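Please read the structure below before turning to the comments.
Heavy-atom basis, side chains included; hydrogens, waters and symmetry copies ignored. These numbers come from a predicted model, not from an experiment. In the text below, chain A, chain B and the rest are named by the order of the sequence lines, each starting its count at 1.
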Amino acid sequence: MKESLLDIVCCPLDKEELDLEVDEREDGEVLAGTLTCTECGETYPIEDGIPNLLPPDMREESPA
Amino acid sequence: MKESLLDIVCCPLDKEELDLEVDEREDGEVLAGTLTCTECGETYPIEDGIPNLLPPDMREESPA
Amino acid sequence: MSVREEFDAWAAEGRDRGMEDRHWHTAKHVLSRMPVEAGDVVLDLGCGSGYAGRALREAAGAGRAYGLDGSPEMTRNARSYTDDESVGYVVGDFGSLPFDENSIDHIFSMEAFYYAAEPHETLREIRRVLRPGGTFYCAVNYYEENVHSHEWQEFIEVEMTRWSAREYREAFREAGLHVAEQDNIPDNETEIPPASEFPTEDWETREDMVERYREYGTLLTVGIEP
Amino acid sequence: MSVREEFDAWAAEGRDRGMEDRHWHTAKHVLSRMPVEAGDVVLDLGCGSGYAGRALREAAGAGRAYGLDGSPEMTRNARSYTDDESVGYVVGDFGSLPFDENSIDHIFSMEAFYYAAEPHETLREIRRVLRPGGTFYCAVNYYEENVHSHEWQEFIEVEMTRWSAREYREAFREAGLHVAEQDNIPDNETEIPPASEFPTEDWETREDMVERYREYGTLLTVGIEP
Ligand SMILES: Nc1ncnc2c1ncn2[C@@H]1O[C@H](CSCC[C@H](N)C(=O)O)[C@@H](O)[C@H]1O
Ligand SMILES: Nc1ncnc2c1ncn2[C@@H]1O[C@H](CSCC[C@H](N)C(=O)O)[C@@H](O)[C@H]1O
């Protein structure tokens, strides 16, 4: 994902802002990292460049 | 014209209500008559069942 | 020459039915897209022979359909083509619509809008008479991208507005309408002769004629009252 | 079975590209009607292979195009089909859109809306994220009038909503969207064999197949945020 997505993306649960923590970057894209809701603290993983913003109860964690 | 048109028709100039004066009726239609603006007094002829609601300066009177 | 003189003459020559036949090729598709519900009040601006009001009554169940035209002869002809009690015609001008605020559910206009002396004023009038959520389906064959239409002005005394698709969108928005859709609707019915018959009286090449009808067709811009 | 399991499996089998090929027959016409301006932010709900976002970037000059899908595998595939920096994909659910209020100019969705667990809730979410004047172009092949689609539910574990054209209009209005347009867009490209080849594996009669593709085609409902 590009960081410009942060302009319009929000927590799917409470629609509040998300903070970005980057683990891996490539060509101006965030390949891996975490989005954390500034309000409820819920975290959303970014994997292979794609943020997973499913409500946590619909998410299945991939095996570590 | 049907009288139900009066629900939504108005004076083209000041958009105020029109009063209907009927000269000739047929099958529930007004064939001839006059629509008069309740505000500015401008009159609009109904001829052959069709009201002429052109602004008066765009209207050409048919010969009497 | 006034709208009245020009189009009264057309009506007297029977050109109203000729236009109906030709315009129907694309107008029927435009009409079928309109979100008209049973009982709605619809208005056809520059109604000519009045086919659109009749169609919206029959196919969409409009409660009342009114056709407005600046030519008394056009409305007289239109009135003679139907005995539907819920279809009515009025003589009026695009610049001064004789309808109350919020009184109309949906407005249709085919090949007529660009004759308005003041198109921006007409859009403001359209906004005034449409209820919130009401649509204006504005269809034209005369517009900037359709280069084959440019010469039409030479044959018509009334001055015509030649906007591009973008200018239509901009003017609608400037008047405060939301633009819901814009599309080119091909005319797939006008017969196009085999290449060997070109040039014809009207067309230099078959490509031109194909482009005019099958590609450019009718420009539809749909505005909606917020 | 969850949306994720069902559609991750489809993506793994390459069905995303197969759908793109078939859906494009009508989706391209839907996309070309959208009033997208240069720089607009557009969203594709249930993006599958992601063709719509790519098309709106290329043809309409959208500034940014996002595809949302509940299947991580779908978004992974979609991401691999483009290297356009301004196209992005997110995993998300129709019931809880991860976008700010008024952040999206126009929304497109093809053959996906009816998978929403709570379609009315999804419409409210769409209203929330659309800016005033933003449109929702909702295209479906599975709907009440298309009797040939009714059996599809048997092959899909996810429960599908089968509304009629009227129910789509009513639900949009109930959510507070204005309905700007509704139309059936024929698929004129799917090949229909000569009558002698029927019954085929999928079709009892040629008439049925013609009706399904050429007549019912894709039901488009366009809503607009007041
Ligand atoms: N300023 C104006 N006010 C009202 N009607 C006008 C007008 N300028 C042109 N018209 C009408 O617009 C019509 C254009 S011809 C199109 C007629 C019809 N809609 C059809 O598709 O066949 C003519 O009937 C003409 O009289
Ligand atoms: N509740 C939900 N939330 C998000 N995506 C969903 C969903 N239910 C179904 N989908 C997605 O919707 C898509 C339907 S298939 C259609 C894909 C694409 N629009 C095309 O036209 O080809 C699938 O990719 C599926 O994963």
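Contact tally against chain D (heavy-atom pairs below 4.5 Å) for C/Gln182, C/Arg173, C/Arg33, C/Glu225: the top residue is C/Arg33. Contacts with chain D were tallied for C/Asn184, C/Val179, C/Thr135; C/Val179 has the most, counting heavy-atom pairs under 4.5 Å.
Contact check on D/Arg128 versus D/Glu125 returns a salt bridge, with a Lys/Arg side-chain nitrogen under 4.0 Å from an Asp/Glu carboxylate oxygen. The existence of a salt bridge linking D/Glu111 and D/Arg22 is excluded, since no basic side-chain nitrogen approaches an acidic carboxylate oxygen closer than 4.0 Å. The pair C/Arg166-C/Glu170 counts as a salt bridge, with a side-chain nitrogen and a carboxylate oxygen less than 4.0 angstrom apart. Between C/Glu121 and C/Arg124 there is no salt bridge, since none of the side-chain N atoms of the basic residue sits less than 4.0 Å from a carboxylate O of the acidic one.
Only the side chain of C/Val222 comes within contact range of chain D, judged by heavy atoms closer than 4.5 Å. Of the two parts of C/Glu37, only the side chain, counted from C-beta on, holds a non-hydrogen atom closer than 4.5 Å to a non-hydrogen atom of chain D. Heavy-atom distances place the side chain of D/Arg169, and not its backbone, under 4.5 Å from chain C. In this structure, chain C has heavy atoms under 4.5 Å from both the backbone and the side chain of D/Ser32.
Proximity of a side-chain donor or acceptor of C/Glu211 to a complementary backbone N or O of C/Asp208 within less than 3.5 Å is not detected.
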